[in-house]
Amino acid sequence: MEYVQERPYRFRVEPRDGMRAPGVVFASRELMRDAEKSLEQVVNVATLPGIVGASYAMPDIHWGYGFPIGGVAATDVADGGVISPGGVGFDISCGVRLLAADCDRQTLEPALQAVMDGLGHVIPRGAGPGGVWKPAGRQELESVLEGGSRYAVEQGHGNERDLRRCEDGGAVAEADAGQVGERARERGLVQVGSLGSGNHFLEVQQVAEVYDESVAAAFGLARDQVCVMIHCGSRGLGHQICTDHVRAMDSVMARYGIQVPDRQLACVPVDSPQGRDYLGAMAAAANYGRANRQLLAQAARRVFRRTAGAGLDLVYDVSHNLAKIETHRVDGAERRLCVHRKGATRAFPPGHPELPEELRGVGQPVLIPGTMGTASYVLTGVTDGDAFHSTCHGAGRALSRHQAARTIGGKQLRARLEADGIAVRPMSPRSLAEETPEAYKDVAAVVEASEGAGLCRKVARLVPLGVVKG
DNA sequence: ATGTCC
């Protein structure tokens, strides 16, 4: 696959063979070598009807279902633009929530093991059913699907300030629970407030480094401060919605005269019955994901209060697997676009009207989960951000689960992490081994490249003190 | 990611 370097941290594939836009990859030269393996998917996405700008890829790009993970593509709604579930991913609204504790690492130290034991006890994790909160019935599940974090807070699980610090105020308005199928509901009923497995986690962290004091202060973060980061999604419910709607789209796509180079890029016009159906169901899954993170945060708050006498304030909650209808300026005109971000994080700039007043001067907090043994990052959106104000979402996998588990045993890894001062509360040794830090790219390099490409700015680096893993 | 295959 041929590409050229346009400038530092930016590579380009010229349009050819059915591509309606160029491909653009933000990466260092070194990360670009990894990215090459997924360029075919970047090129495939560029053939989607109505695509504007480019088919973009973030520095943590890797192979995914249809779209690459780390892919961003926007389509023009009024110009036959399509919506593709492959551009969102199976884990709809997977995302990150960061809470800042009212104590620093030294103060927490004597209580850390008790905090970790408490979290290990109350945080449901791993595949299958189990959640901290059970909706009373079908009716209440619908309330979660339509109300997200807002509904959870209305029921006493959090406060109004939490909602200001959630993307979309905690709930996407366009959710349509009627488009959530029976099996998705069954699966969703028993998993509200659960982590799941794979790279999902709840970590107790410490602010190890601050790159921008004033932005960090606006986010409520300072050096040595204790934080809690929660990374999870919409569990079986989102997965089932994706499965159901891909099938529905696949069977009608030809009727719209749409051809795609990969069946996994199934799509329909945003402005079509099937497009609206998927967007309504996707929004419902998005709300489920936010309620999920809200309820896990409440569980963490109870543990911190009881075992350490500490409080937790929400810094922000943002998804990195979602499609959204947003207005952007394209070729000098305001256009309504369907922005797919799959393994890419929205990064609104300072002054954006959708940011809460107290953050409007500094930009949107962007939360980047790293790996267990290394670090996570807090970034902020920038004024001249590219790719429809998007940036990276994490380290990005480098080894398969199988390969990872071959490099180290779970017990050995746990011993190594504990020796490094990181308390670990895993679901099983095997699941831990699959998530060994060596299985991931260097998150610092990914963040460096994202900043170098002009997508965001670094605010703080967080290191783990304790990890609860699915 | 996912009741890791309906």
Side-chain angles (χ1 to χ4, degrees), chain A residues 38 41 58 60-71 84-97 124-131 134 180-202 230-248 250-251 264 281-282 284-286 288-290 292-293 296 318-323 340-345 369-372 392-406 410 427-435 439-440 468-470:
Chain A
S38 312
Q41 293 195 313
M58 302 299 127
D60 48 335
I61 177 177
H62 56 115
W63 193 268
Y65 175 90
F67 277 56
I69 294 158
S84 174
V88 173
F90 276 90
D91 194 2
I92 298 168
S93 196
C94 181
V96 182
R97 165 175 295 225
R125 54 200 188 277
K134 181 133 170 56
V180 177
E182 183 54 31
R183 284 177 80 186
R185 287 163 191 256
E186 273 174 30
R187 296 176 72 173
L189 262 172
V190 292
Q191 296 183 323
V192 185
S194 65
L195 272 186
S197 60
N199 63 358
H200 291 164
F201 65 72
L202 185 152
I230 299 169
H231 177 205
C232 65
S234 53
R235 305 292 331 274
L237 178 127
H239 192 276
Q240 192 65 50
I241 286 172
C242 182
T243 303
D244 294 346
H245 285 262
V246 165
R247 186 171 299 143
D250 196 54
S251 64
Q264 295 184 346
M282 183 208 71
Y288 184 93
R290 286 120 188 247
N292 195 20
R293 290 191 287 273
L296 286 171
V318 64
S319 170
H320 47 234
N321 279 8
L322 212 56
H340 302 73
R341 295 186 183 90
K342 181 194 195 178
T345 315
T371 69
M372 283 182 293
C392 62
H393 88 302
R397 211 165 237 290
L399 300 180
S400 71
R401 300 191 173 287
H402 188 72
Q403 284 173 315
R406 264 196 328 212
M427 181 72 183
S428 74
R430 166 81 194 193
S431 69
L432 194 70
E434 289 176 348
E435 291 296 312
Y440 287 87
V468 180
K469 282 294 285 184

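Chain letters run A, B, ... following the sequence lines, proteins first and then strands; every chain starts at 1. Since the model is a prediction, treat every value here as computed from it, not as a measurement. Only heavy atoms go into these numbers, but all of them, side chains included; no hydrogens, no water, no symmetry mates.
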Whole-Å gap separating [atom2] ([N]) and [atom1] ([X]):
X        : N     : atom1 : atom2 : value
A:Arg235 : B:dT4 : CZ    : P     : 12 Å
A:Gln240 : B:dT4 : CD    : C1'   : 14 Å
A:His402 : B:dT4 : NE2   : P     : 18 Å
A:Met427 : B:dT4 : CE    : C1'   : 14 Å
A:Tyr65  : B:dT4 : OH    : C1'   : 16 Å
A:Asp244 : B:dT2 : CG    : P     : 16 Å
A:Glu182 : B:dC6 : CD    : C1'   : 17 Å
A:Ile69  : B:dT2 : CD1   : C1'   : 13 Å

Spell out, as yes or no, whether a donor-acceptor pair under 3.5 Å connects the side chain of [X] to the backbone of [Y].
X        : Y        : result
A:His393 : A:Gly343 : yes
A:Glu434 : A:Ala404 : no
A:His340 : A:Ser84  : yes
A:Ser319 : A:Cys94  : yes

Toward the 5' end of DNA chain B, which comes first, A:Leu195 or A:Arg247, by nearest nucleotide?
A:Leu195

Give one of base, sugar-phosphate or nothing for [X], where a contact means two heavy atoms less than 4.0 Å apart.
X        : answer
A:Arg183 : base
A:Gly198 : sugar-phosphate
A:Gly236 : sugar-phosphate
A:Glu434 : nothing
A:Gly196 : sugar-phosphate

Are A:Ser194 and A:Arg235 close enough that some pair of their side-chain heavy atoms sits under 4.5 Å apart?
yes

If the cut-off is 4.0 Å, is A:Arg401 near the phosphate of B:dT4, judged by side-chain N/O to OP1 or OP2?
no

Short side-chain N/O contact to B:dT2 OP1/OP2 from A:Ser197, under 4.0 Å
yes

